[in-house]
Structures are given as structure tokens and as C-alpha cells.
Novice: 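Before we start, here is the structure in question, set down as C-alpha cells.
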Amino acid sequence: MKWRKGARAATGVVLCIVGFALAWGTRYRETTVIVGAGGCRLVTDVIDQGNDDVRGSVVLFHGLAANKKIMSYLAHGFASEKLRVFVPDLPGHGRTPGPFSFERAESCADSLVRELIARGAIDAQRTILAGHSMGGAIAIRVAARVGVAGVVAVSPAPMRATHGVPATMLPYTNPPTLPPHTLAMSAELEPLGIREITRDLVESGDPGTSKYLFVPRATHVSVLYDPRVVRASQEWSAEALHFPPEGNVPSPAPLLGSLIGLAGILLLAGPFLRETVSMQRAEITRGQALETASQNADAALPAVPISGALLAMAVLSFVAVAVLRFWNPLSFVRLYNGSYFASFLLIIGLAFLLVHRQSARALFTTRVSTLVLAAVAGFLLHFLVTGWLDTTFSESWLSWARWARFPVLFVAALAALLAEELLLGPVTTRRGIGRVSLAMALRLIAFLALLFGIFALHSGALLVILLAVYLALFSLFQRLGMDVVRHQTGSALAAAVFGAILLAGFCLVIFPIT
């Protein structure tokens with residue numbers, strides 16, 4: 001067993017080292033500046049090949065819940081064509097402070113382009129406006145008002161209520177006439193009718209100057225890292241700016257390195273959690289007293305049948321979205337879709353704990369030292385993962401404005417996860433894959449209720465759909481970590497504290513500040 005643990009730890013460390021080396025292997029010059037424009041102070045990356053031999057400029061806008069760093073692969077693709085690329089964090093995203101609204105994001109983007117033109121940093125006739133999702137819609141809308149050489153819109157957000165997309169889900173309405181020289185792309189696996197609406201948008205424009213490109217076997221997010229999309233963007237920019245394309249697609253090594261390093265961190269996470277939450281056992285002879293107390297507390301929890309657990313979650317989830325149709329108790333948190341999501345968790349958790357308050361009392365027999373160690377483990381793991389992602393892939397390090405919202409999100413997440421622990425029952429009842437499977441089934445039911453709220457009750461929680469894959473991946477790894485804490489401590493409360501820290505941190509990373 002010891003050699004297996006050693007091999008696992010060594011593999012994790014090697015993956016982190018290899019990942020870091022790959023992630024930092026870039027040949028582009030990147031400078032970060034703050035551009036004040038129209039009352040907005042946009043933190044902006046300026047990316048080029050490190051010389052003044054530039055053929056033109058690109059202003060590249062990210063999508064909802066994204067940031068400038070996520071756009072690096074596409075930005076490097078433009079820079080490979082000897083273009084200077086300006087990539088801002090829009091309000092409430094990344095390093096740029098809020099408040100965010102779709103209107104303010106468009107206004108600030110418009111002001112940025114005009115300010116860069118006024119300063120002589122870009123020449124409008126030698127500039128391409130580009131963007132993804134929300135940013136793609138912004139690029140089209142700004143280009144319709146500011147004459148530029150061309151537009152590249154990747155999976156632009158829908159601006160017309162058609163193809164099953166209700167008006168309540170549109171970030172922008174009244175789409176402008178498609179600007180000349182617009183390339184619009186969409187992936188095969190797009191949500192919300194984006195593929196069909198994008199095609200209609202191009203067909204409504206001038207077919208002689210604009211083009212629609214369909215990207216097979218791609219998703220709404222994977223298009224940002226698709227060489228076909230980069231190559232098409234390079235060729236379109238070269239045509240619009242009248243120069244021969246270089247055809248140099250950037251290396252995927254930085255993205256690969258980020259994923260390899262993240263795999264290394266996750267590989268180390270299990271042993272790290274076991275060691276951290278078991279530290280107090282050294283204070284007790286062979287941990288017998290602690291283990292006995294933990295087992296007694298865990299055994300006091302009721303064993304809920306699987307059918308009962310699934311039914312309870314379904315009822316609670318649909319009641320929660322119905323309540324949120326009229327009242328959002330955490331609207332003061334001011335996170336776009338984040339306050340809705342946190343309120344959803346809070347309502348589910350409090351309702352279940354109130355109904356089963358007798359059983360819930362058994363949760364609070366946990367030693368304070370156990371809770372402290374679970375919290376320490378949660379924060380350390382959060383810092384490790386977000387620090388790595390912030391360094392290599394996406395701006396994930398939380399600002400003070402985001403940390404100020406942490407206590408409220410933590411309480412909401414804690415309530416929901418305590419309810420989940422009660423539904424899962426004692427560790428002795430369900431173990432391993434069976435326990436994880438039931439937990440994921442409970443969360444899937446909650447997700448379906450959120451979808452019902454979006455499409456039937458018009459909640460507007462768009463990010464639940466756009467980030468569904470990432471929510472699922474996070475949910476799985478978070479649940480695996482919670483089970484490690486639960487098994488090591490025998491405490492449902494410690495597991496919920498650990499999981500709530502991770503969930504609150506995840507919400508603060510992805511939801512824009514409004």
C-alpha cells in the first residue's frame with residue numbers, strides 16, 4: 001500500500017511539473033494595461049509577437065462568465081498573423097470590477113474601441129472586432145456603429161426570439177444589420193438555438209461580404225480551442241485586411257499543460273485530504289476514541305431509502321424554483337445568476353433541515369477540531385486549484401469584492417449539502433460508487449428543476465445551461481472529496497463544511513458581479 005501511495009504522489013508531482021513547463025511555453029509578448037473609457041476601467045491584455053511589425057489590430061471580447069485569459073488560444077492565433085490583439089475583461093469579469101449588465105458590457109466595449117481609435121492605438125480600417133458568445137454579439141453590435149475592417153463572431157449569443165429561444169433569455173434584442181465582412185461561426189453542439197440563429201443572422205446580411213461557418217463535433221466552449229476556428233479566423237482577417245495569411249496555428253501545449261497539471265493536483269488531492277483531516281488522530285491513541293465517537297454520531301442518522309431520497313429532492317427542488325419565481329431571498333448578493341443559484345440551494349437546504357430537524361441534530365455532535373481541519377482542507381484545495389487555473393488557463397483567483405460575498409454563499413451551500421448528507425444516510429449504509437451515484441442522481445434532479453425554472457418559469461438563469469458541463473465535472477470531484485472527508489472523520493457536518501467551501505468558491509469564480 002505504501003508503494004502505491006508513493007507512486008501516486010510521485011505521478012501527481014511529475015504531472016504538475018510537466019504541466020507547468022508546457023503551460024508557460026509561449027512565444028508571444030503579453031502586456032496588461034488598464035484602459036479608461038466611458039466611465040469603464042477595463043483591465044486589458046495586449047498580445048503580439050514582440051515587435052512593431054504589425055499588420056493591423058484585433059479587439060477580442062470574451063463571453064458571459066469568461067475572461068480575457070480564456071481567450072488566449074484564439075488571441076494567439078490572431079497574433080500569429082502579425083496582428084496586435086487587445087483582449088479586455090468586461091465589467092464584473094476577471095480583473096475588471098463590476099457592476100455587470102449586458103447593456104454595460106456592450107457600452108464599455110463600444111467605449112473601449114472608440115478610445116483605442118482616439119488614442120491612435122488602433123486604426124479602424126485596419127481593425128477586426130471579434131468575440132465569443134456574448135462577446136460575439138457585442139462585436140457585431142459595436143461594428144455596426146463603428147466602421148471597422150471586419151468581424152469574427154464565434155458562437156454569438158442570440159439576439160432574436162426564434163428557434164425556441166424565448167425573449168426572456170436574450171441578452172440583447174433588436175439585432176443590427178449585419179456589418180460587412182462578417183464571419184460568423186457556430187458549433188454542432190450549441191445550446192439555445194445558437195447554431196440556427198447564427199445561420200439566419202448571416203443569411204439576413206449581404207451574402208457577398210459575409211459568411212457562415214459550421215464547426216462539426218464541437219461545443220459552445222470547445223470552439224475556443226479548435227484549430228479549425230483559429231484557422232478560419234486567420235484567413236478571414238487576412239482577407240479583410242488584405243495580406244497573405246501566415247497559416248501558423250498556435251500550439252495547444254499551454255492548454256494541454258494546464259489540463260495535465262490539473263490532473264496532477266487532483267491525483268494528489270485524495271492523499272492530501274486524508275492526511276489533513278486525520279491530523280488530530282495523533283492526539284488520541286490510535287484514534288480509537290475519535291473513531292468511536294464519529295461512528296456513533298454517523299449511525300444516529302436515518303437511512304433514507306433511495307426512492308424516498310430521490311422523491312424528496314424532486315419535491316424540494318421544484319418547490320424552490322416555484323418560490324424563486326416570486327421571491328429571491330439572496331438577491332442582495334448581486335451575482336449574475338449566482339444569487340438565484342445560491343437562493344435555490346438555501347431554500348432546498350433549510351426546508352429539508354426544518355422538516356427533519358430531529359435527525360439534523362445528530363449532525364452537530366462533531367468535534368470543533370474536526371470541523372476546523374475540514375475547513376482548512378477545503379480552503380487549501382480551493383487555493384491550489386484556483387491558483388493553478390489562474391496561472392495557466394483562466395482568471396480564477398478571487399478578488400476582495402468576491403470574497404466579501406463568500407459567507408452568504410457558504411451558508412447557502414452548507415444548508416443544501418447538509419440536506420444531501422442526510423438523504424445519503426450513514427456511511428455504513430452506502431459506500432463507494434453507490435453513494436456517489438445516488439449523490440449525483442440527487443444533483444441531476446436539482447439541475448432538471450433549474451431547467452424547468454429557465455424554460456417554464458423564465459428565471460433567466462442562463463449560466464446553468466452554458467456551464468452545465470463544468471458544473472457536472474465540479475460536482476463529481478467535489479462529491480468524491482466530500483466522501484473522503486466523510487469516511488475519514490465519520491462526520492456529515494465536516495463533509496458538508498468542506499464541500500460548501502469548494503462550492504462557494506466555485507460560484508464566486510464563475511458568476512459575474514452585478
Side-chain angles (χ1 to χ4, degrees), residues 55-63 71 73-83 85 113 124-160 162-163 165 172 175-250:
R55 295 164 162 171
S57 305
V58 177
V59 184
L60 178 60
F61 303 113
H62 62 73
M71 307 299 291
Y73 186 68
L74 185 55
H76 292 165
F78 284 120
S80 296
E81 296 295 301
K82 298 181 180 179
L83 298 171
V85 190
V113 173
Q125 300 308 309
R126 302 293 302 169
T127 295
I128 301 292
L129 297 189
H132 170 250
S133 193
M134 175 186 72
I138 288 175
I140 292 171
R141 297 173 72 85
V142 173
R145 297 189 293 267
V146 181
V148 293
V151 176
V152 176
V154 183
S155 299
M159 293 179 279
R160 192 183 301 278
T162 182
H163 294 289
V165 179
Y172 301 105
T177 301
L178 193 70
H181 307 293
T182 294
L183 171 64
M185 294 177 269
S186 61
E188 182 177 8
L189 304 174
E190 296 277 10
L192 303 176
I194 289 177
R195 183 180 63 191
E196 294 80 7
I197 295 174
T198 301
R199 184 171 55 244
D200 291 350
L201 180 66
V202 174
E203 291 175 351
S204 68
D206 185 351
T209 65
S210 298
K211 179 181 177 182
Y212 169 74
L213 180 64
F214 172 73
V215 187
R217 303 178 305 281
T219 69
H220 185 69
V221 176
S222 71
V223 289
L224 287 175
Y225 308 99
D226 196 313
R228 296 169 295 180
V229 171
V230 170
R231 192 175 295 110
S233 300
Q234 292 173 329
E235 293 172 353
W236 191 261
S237 301
E239 180 181 339
L241 298 177
H242 309 293
F243 63 78
E246 298 284 336
N248 298 321
V249 176

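One is the number of the first residue; the rest follow in order along the sequence.
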Novice: To the nearest 0.5 Å, what is the distance between CG on Leu83 and OG on Ser233?
Specialist: 11.0 Å
Novice: To check you understand the geometry: which heavy-atom pair defines the closest contact between Ala143 and Pro179, and what is its length?
Specialist: CB-CG, 3.8 Å
Novice: Rounded to the nearest 0.5 Å, how far does CG of Leu178 lie from CD of Glu203?
Specialist: 11.5 Å
Novice: Any chance you could measure Trp236, atom CH2, to His181, atom NE2, to the nearest 0.5 Å?
Specialist: 8.0 Å
Novice: Please examine the side chains of Ile197 and Thr162, heavy atoms only from C-beta on, and report whether any two atoms are closer than 4.5 Å.
Specialist: yes
Novice: Quick one: does Gln234's side chain get under 4.5 Å of Ser80's, heavy atoms only?
Specialist: yes
Novice: Is there side-chain contact between Ile140 and Leu201, with heavy atoms separated by less than 4.5 Å?
Specialist: yes
Novice: Under a 3.5 Å distance rule, please check whether Arg195 uses its side chain to pair with a backbone N or O of Ser186 as donor and acceptor.
Specialist: no
Novice: Less than 4.5 Å apart, side chain to side chain, heavy atoms only: is that true for Glu246 and Arg55?
Specialist: yes
Novice: Taking all atoms of both residues into account, what is the closest heavy-atom pair of Ala238 and Pro244, and its distance?
Specialist: CB-C, 4.4 Å
Novice: Considering non-hydrogen atoms only, spot the tightest contact between Met159 and Pro175 and give its length.
Specialist: O-CD, 3.2 Å
Novice: Over all heavy atoms of both residues, which pair between Leu183 and Ala232 is shortest? Give the atoms and the distance, please.
Specialist: CD2-O, 3.7 Å
Novice: So do the side chains of Val229 and Met185 get within less than 4.5 Å of each other, counting heavy atoms only?
Specialist: yes
Novice: Do Lys211 and Glu235 sit within salt-bridge range, that is, some charged N less than 4.0 Å from a carboxylate O?
Specialist: no
Novice: Using the side-chain contact (heavy atoms from CB on, under 4.5 Å) rule, take Met71 and Val85 through it: C-alpha gap first, then chi angles, then the decisive distance, then the call.
Specialist: CA-CA 11 Å; Met71 307 299 291; Val85 190; over 6 Å; no
Novice: Are any non-hydrogen side-chain atoms of Tyr73 and Asp226 less than 4.5 angstrom apart?
Specialist: no
Novice: Just verifying a value: how many Å separate Phe243 CZ and Arg126 CZ, rounded to the nearest 0.5 Å?
Specialist: 7.5 Å
Novice: Specify the closest pair of heavy atoms between Ala149 and Ala240, including all atoms of both residues, with the distance to one decimal.
Specialist: O-CB, 3.9 Å
Novice: Is there a donor-acceptor contact under 3.5 Å from the side chain of Glu190 to the main chain of Ala187?
Specialist: yes
Novice: How far apart are the closest heavy atoms of Val230 and Pro250, and which atoms are they?
Specialist: CG1-CD, 3.8 Å
Novice: Please answer whether the main-chain N or O of Ile194 pairs with a side-chain N or O of Thr198 as donor and acceptor at a distance below 3.5 Å.
Specialist: yes
Novice: About how many Å separate CD1 of Ile128 and CG of Leu241, when rounded to the nearest 0.5 Å?
Specialist: 4.5 Å
Novice: Going by heavy atoms in the side chains, are Tyr172 and Met134 under 4.5 Å from each other?
Specialist: yes
Novice: Nearest 0.5 Å, please: how far is CG in Asn248 from NE2 in His76?
Specialist: 14.0 Å
Novice: I'd like to check His132 versus Ser155 (side-chain heavy atoms, cut-off strictly below 4.5 Å). Are they in contact?
Specialist: yes
